[in-house]
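What you see below is based on every heavy atom in this structure, not just the backbone, and it leaves out hydrogens, waters and symmetry mates. For the single chain, residues carry numbers from 1 onward in sequence order.
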Amino acid sequence: MPRSRGTVLIYLSILLSISWLATPIEGNSGLGSGTVVYAESAHIGTAAASVGASVFAGDKLDTEQVRGGLQIRAGAARVALTASSRLVWGAEGASASATLTGGTAAFSTASAKAFVLHAGTATFRPRGDEPTVANVTLLNPRELVVRCSRGAVLIAVEDDVRVIPESTAYRVVLEPEAAAQGTWGQNPPHPPARSKFIWYAIGFTALVTGFAVYEALESPDRP
């Protein structure tokens, strides 16, 4: 199972990296709206998602457990869901946003203001106007895993803001004091008083592989 999940993340990273370069930056008809560019065993609300369908703030999107996948273009951003994933589409000003409620969502963009992803009490956005590819997996309401394969991503929980650099991955525990009491036993970690979350660096093999393939595809020396 871990090996299979790693393969899915490799393909997802490659897909978003390539599609960012292959797609011109276009506006959508509504602020924050998006257009489905790939759908398999996926839904918008209770209806089957199809290529060309529009998504708007408040729409609930999900993918099925077997072979489910969904990719949306929203202005300068691409957003993708893997199998067994759920999110609620939204808008923040002129930017698209989404709230992940289960599974894994990934995004790619080259604009700091193109997209915002919420997961639990955390918010993720590109750090700057550079090519950025990242994904977030929601393990439960208090725990998640974030990986950044290109560029850098900001994670913010209230006023606690940190940078996730390129080619790094972290397991994040939200509400650390409450989580520590319930899951860490007799010797829980003690985060600084101002910390709204604690994080731990984890292995990055899957997305490093995807990033390496991306670099090979974009090399000027390629055939």
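- Here the straight-line distance linking atom CD of Glu166 with atom CZ of Arg150 works out to 6.5 Å at 0.5 Å rounding.
- Remark: side-chain polar atoms of Thr132 are not paired, donor with acceptor, to backbone N or O of Pro126 under 3.5 angstrom.
- Under the rule for a side chain to side chain contact (heavy atoms under 4.5 Å, CB included), the partners of His43 that lie at least two apart in sequence or sit in another chain are Asp62, Glu64.
- The nearest pair of heavy atoms linking Ser33 to Ala74 is O-CB, 3.7 Å.
- Between Val153 and Val163, every side-chain heavy-atom pair lies at or beyond the 4.5 Å cut-off.
- Looking at heavy atoms from C-beta onward, Ile44 lies in side-chain contact with Val36 at the 4.5 angstrom threshold.
- Leu174 and Leu117 fall within the same hydrophobic cluster, where Ile, Leu, Val, Met, Phe, Trp and Tyr residues are linked whenever their side-chain heavy atoms come under 4.5 Å apart, directly or through other members.
- Between Ile72 and Val37, the shortest heavy-atom distance links the atoms N-CG2, 4.3 Å.
- Going from atom CD1 of Ile155 over to atom CG of Asp160 covers 8.5 Å, rounded to the nearest 0.5 Å.
- Across every non-hydrogen atom of Ala76 and Thr109, the tightest pair is O-OG1, 2.8 Å.
- Under the 4.5 Å side-chain criterion, counting only non-hydrogen atoms from C-beta, Ile202 is not in contact with Tyr170.
- Nearest heavy-atom pair, Val133 versus Ser108, reported as atom, atom and distance to 0.1 Å: CG2-CB, 3.9 Å.
- In this pair, Trp89 and Phe115 present their aromatic rings tilted. The plane angle is within the 30 to 60° band.
- Taking both residues in full, the closest heavy atoms of Asp59 and Ser54 are given as OD2-O, 4.2 Å, listed atom of the first, atom of the second, then distance.
- Using modelled atom types, no side-chain atom of Arg73 and backbone atom of Thr35 make a donor-acceptor pair closer than 3.5 Å.
- In terms of heavy-atom proximity, Thr104 sits nearest to Asn135 at CG2-OD1, 4.1 Å.
- Taking CZ of Arg171 as the reference point, atom CG of Leu144 lies at 9.0 Å (rounded to 0.5 Å).
- Within the 4.5 Å cutoff, no side-chain heavy atoms of Leu138 are placed close to those of Val136.
- Residues Phe124 and Leu61 fall within the same hydrophobic cluster, defined by Ile, Leu, Val, Met, Phe, Trp and Tyr side chains chained together at heavy-atom separations under 4.5 Å.
- Between Thr121 atom OG1 and Glu158 atom CD the span is 7.5 Å, to the nearest 0.5 Å.
- Gln71 is listed as a side-chain neighbour of Arg78, based on a closest heavy-atom distance under 4.5 Å.
- Connection of Val88 to Phe107 is not established within any shared hydrophobic cluster, with ILVMFWY side chains joined at heavy-atom distances below 4.5 Å, either directly or through further cluster members.
- Atom NZ of Lys113 and atom CG of Asp129 lie 8.0 Å apart (nearest 0.5 Å).
- For the pair Arg162 and Trp199, the cation sits on the ring face: its NZ or CZ lies under 6.0 Å from the ring centre, inside 45° of the axis.
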(message) Working note: Lys196 + Asp159, criterion salt bridge (Lys or Arg N to Asp or Glu O under 4.0 Å); need CA distance, chi angles, decisive distance, verdict.
(response) CA-CA 8 Å; Lys196 300 300 190 299; Asp159 59 348; 3.0 Å; yes
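- Residues meeting the side-chain hydrogen bond (donor to acceptor under 3.5 Å, both in side chains) test with Thr123, sequence neighbours left out: His118.
- In the hydrophobic clustering of this structure, Leu154 does not group with Phe197; members are Ile, Leu, Val, Met, Phe, Trp, Tyr whose side-chain heavy atoms approach within less than 4.5 Å, directly or through other members.
- Looking at residues two or more places apart in sequence or on another chain, you find a side-chain hydrogen bond (donor to acceptor under 3.5 Å, both in side chains) between Ser85 and Thr82.
- One distance of note links CZ of Arg127 with SG of Cys148; it measures 9.0 Å at 0.5 Å rounding.
- Inter-residue side-chain proximity for Arg147 and Thr137 is flagged as met; some heavy-atom pair is nearer than 4.5 Å.
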